[in-house]
Amino acid sequence: MNSRRDFLQKITASALALPLLSSFKSENIGQPYDRAYEGPVLRVAIMGLGGYGTRVAEAMQTCKYAKLTGVISGTPSKIKDWQSKYGIPEKNCYNYENFDNIKNNPDIDAVYVITPNALHHSQVIRVAKAGKHAICEKPMSVNAREAQEMVDACKKANVKLLIGYRMHFEPKTLEIIRMRKSGEFGKILFFQGLSGFTIGDPNQWRLNKQLAGGGAMMDIGIYSINGSRYMVGEDPIWVTAQETKNNPQKFKEGVDETIQFQLGFPGGAVASCLSTYSMNSLDRFFLDGEKGYAELQPSTGYGPIKGRTHLGELTQPHTTHQTIQMDEMAGIILQGKQPVVPVDGEEGLKDMKIVDAIYQAVASGKKVDLKL
Ligand code: NAD
């Protein structure tokens with residue numbers, strides 16, 4: 001009977017500290033570092049040391065349950081900087097050619113993929129094949145087929161796949177979800193999501209179809225897609241969409257500048273959303289129900305998020321989103337915690353199915369039915 005030995009070989013060193021998990025508490029997240037905490041910590045390698053990777057690394061310095069222990073980058077000088085800033089040993093540093101060797105590194109539990117969108121698919125699959133949990137930035141891929149393959153690969157490798165949906169842990173957002181679930185808005189009738197900013201440098205990867213997979217929809221419109229689902233509390237059953245392109249030099253074929261889209265929900269609610277790379281100050285969610293409303297503006301920026309409902313202003317305190325996200329993800333991976341709003345690969349896959357349907361509705365001019 002090898003089952004016990006097999007089990008012990010499969011679990012990571014951090015998971016061996018499971019008896020200490022009782023000290024793992026959500027209310028401690030974001031509080032000053034507690035030296036008394038000696039329980040398991042999720043040891044994370046960040047892949048892609050760009051703008052957002054840098055933000056996540058900085059936020060992780062105040063995590064209690066997650067720690068940056070490795071890096072994967074194609075730029076040796078960045079690796080050196082991160083090594084000295086975060087005390088990362090040489091043996092935990094990889095490049096894009098050799099990171100499959102992470103399989104043999106017992107000091108890394110999970111890899112957080114923070115590279116251009118079109119790279120997520122192959123990189124997450126390699127992480128899964130190396131036997132490490134994958135955390136992947138949004139959009140998880142550039143279409144639903146790829147997203148499904150990522151979900152399947154992680155299932156096959158018996159590792160978790162989580163998507164960087166930081167708003168799923170944001171306190172004001174969670175308060176609106178709590179109110180909606182307890183019926184305080186009554187029957188939900190309408191959601192409006194406005195997601196956009198004016199994008200600069202025309203040569204950046206976000207405006208390159210090969211690396212971005214699309215345009216504003218992939219990058220920022222996805223917040224309204226995902227937000228409509230957690231605000232309304234249902235998955236949409238149809239979509240219609242219209243595209244406007246005012247600057248075809250900057251926004252080439254396959255790179256959407258502005259798309260308006262509408263979603264229909266099984267309970268009868270409708271959503272009206274705007275995704276754009278050509279307008280500023282668009283970061284607003286509005287939810288309307290028979291008995292009340294909720295409003296967030298800004299709704300998905302790095303915060304502080306501001307909001308109110310028909311009962312008054314939302315006053316939950318701001319905590320750095322990426323700090324809460326990584327601490328909560330440590331709980332999900334190490335302890336099997338269930339978040340209020342899922343952040344797993346299936347959740348990301350649903351959004352990619354909606355993205356596919358939006359592009360299909362733009363191309364055909366027709367209503368597209370959704371089965372999520
Ligand atoms: P960025 O351009 O600042 O960084 C991307 C990194 O990937 C760079 O370090 C770059 O060197 C590296 N890279 C590796 N291979 C590359 C290649 N072939 N071409 C170009 N760069 C390559 O971008 P970012 O803003 O950090 O975005 C990275 C990912 O994070 C995207 O998927 C984006 O949607 C996501 N993101 C999420 C949030 C959020 O709030 N959740 C915010 C910003 C970005």
Cluster overlap L274 with F261, hydrophobic side-chain contacts below 4.5 Å: no
Would you confirm whether E347, through its side chain, and I163, through its main-chain N or O, come within 3.5 Å as a donor-acceptor pair? no
Per the side chain to side chain donor-acceptor pair (under 3.5 Å) rule, which among T69, N92, D109 passes with R43? D109
Quick test of your reading of the model: are K64 and D327 salt-bridged, counting only N-O distances below 4.0 Å? no
Of Q148, R145, M218, which is the lone residue that meets side-chain contact (heavy atoms from CB on, under 4.5 Å) with M352? M218
To the nearest 0.5 Å, what is the distance between CZ (R206) and CG (D219)? 4.5 Å
D356 side chain vs A144 backbone, donor-acceptor pair below 3.5 Å: yes
CD on E295 to CD on E313, rounded to 0.5 Å: 11.0 Å
Give the cluster check for I332 versus M150: same hydrophobic cluster or not, with ILVMFWY residues linked at side-chain heavy-atom distances below 4.5 Å. yes
State, without any angle test, whether T258 and T244 hold a side-chain donor-acceptor pair at a distance under 3.5 Å. no
Please confirm whether the backbone N or O of Y293 pairs with a side-chain atom of H310, one donor and one acceptor, at under 3.5 Å? yes
K245 atom NZ, neighbour heavy-atom count above 12 within 6.0 Å: yes
Quick check: do S278 and F251 have side-chain heavy atoms less than 4.5 Å from each other? yes
Among I102, L49, I46, find the residue that satisfies the side-chain contact (heavy atoms from CB on, under 4.5 Å) test when tested with I72. I102
Evaluate N143 against Y359 for side chain to side chain donor-acceptor pair (under 3.5 Å), listing each step before the verdict. CA-CA 10 Å; N143 57 48; Y359 286 142; over 6 Å; no
When you measure from the side chain of K172 to the backbone N and O of G307, does any donor-acceptor pair fall under 3.5 Å? no
Same apolar cluster: Y52 and L211, side chain cutoff 4.5 Å: no
Heavy-atom side-chain proximity of N226 to H168 below 4.5 angstrom: yes
One should read off an interatomic distance between S281 OG and Q297 CD, to the nearest 0.5 angstrom, of 8.5 Å
A128 versus A153, closest heavy-atom pair with distance: CB-O, 3.9 Å
Backbone N or O of I108 within a donor-acceptor pair of the K132 side chain at under 3.5 Å? yes
Contact between M179 and L311 at the side-chain level, heavy atoms closer than 4.5 Å - yes or no? yes
Mind checking whether F285 and I176 have side chains closer than 4.5 Å, heavy atoms only? no
Could you give the distance from CD1 (I225) to OG (S275), rounded to the nearest 0.5 Å? 7.5 Å
Exam field: side chain N117 to backbone G213, donor-acceptor pair closer than 3.5 Å: no
Short side-chain donor-acceptor distance under 3.5 Å, E170 and Q316: no
Where the side chain of K366 meets the backbone of Q360, is there a donor-acceptor pair that is under 3.5 Å apart? no
Is any side-chain heavy atom of Q262 less than 4.5 Å from a side-chain heavy atom of V270? no
Is the shortest heavy-atom distance from the side chain of M231 to the side chain of R180 under 4.5 Å? no
Mind listing the closest non-hydrogen atom pair of P342 and P339 along with its distance? CA-CG, 4.0 Å
Using the rule that two of Ile, Leu, Val, Met, Phe, Trp, Tyr join whenever any of their side-chain heavy atoms come within less than 4.5 Å, decide whether L296 and F190 are in one cluster. no
Which atoms form the tightest heavy-atom contact between V255 and G215, and what is the distance? CG1-CA, 3.8 Å
Angle class for the F197/Y277 ring planes (parallel below 30°, perpendicular above 60°, tilted otherwise)? perpendicular
Just wondering, more than 12 heavy atoms not from K371 lying within 6.0 Å of its NZ? no
Provide the closest heavy-atom pair for I220 versus T276 in the form atom of the first, atom of the second, distance. CG2-O, 3.8 Å
Ring of Y302, cation from R55 - is the NZ or CZ under 6.0 Å from the centre and inside 45° of the axis? yes
Qualifying residue, where the test is side-chain contact (heavy atoms from CB on, under 4.5 Å) with M140 and the options are L161, D351, V124, I222: L161
Quick one: CD on Q260 to CD on E243, what's the gap to the nearest 0.5 Å? 11.0 Å
Evaluate the ring planes of Y96 and F99, with Trp represented by its six-membered ring, and classify them as parallel (under 30°), tilted (30 to 60°) or perpendicular (over 60°). perpendicular
Indicate, with yes or no, if F265 and I177 share a hydrophobic cluster defined by side-chain heavy-atom contacts under 4.5 Å among Ile, Leu, Val, Met, Phe, Trp and Tyr. yes
Nearest-0.5 Å distance, CD of residue E328 to CD of residue Q335: 9.5 Å
Any donor-acceptor pair under 3.5 Å from Q83 side chain to I88 backbone: yes
Y165 side chain to Q325 side chain, donor-acceptor N/O pair below 3.5 angstrom: no
Do H120 side-chain atoms and T115 backbone N/O form a donor-acceptor pair below 3.5 Å? yes
Are there over 12 heavy-atom neighbours, none belonging to K250, within less than 6.0 Å of that residue's NZ? yes
Within the distance-only criterion (no hydrogens, no angle test), does the side chain of K160 pair as donor or acceptor with the backbone N or O of G345 below 3.5 angstrom? no
List the steps and the verdict of salt bridge (Lys or Arg N to Asp or Glu O under 4.0 Å) for E253 and K209. CA-CA 8 Å; E253 180 71 30; K209 161 100 173 141; over 6 Å; no
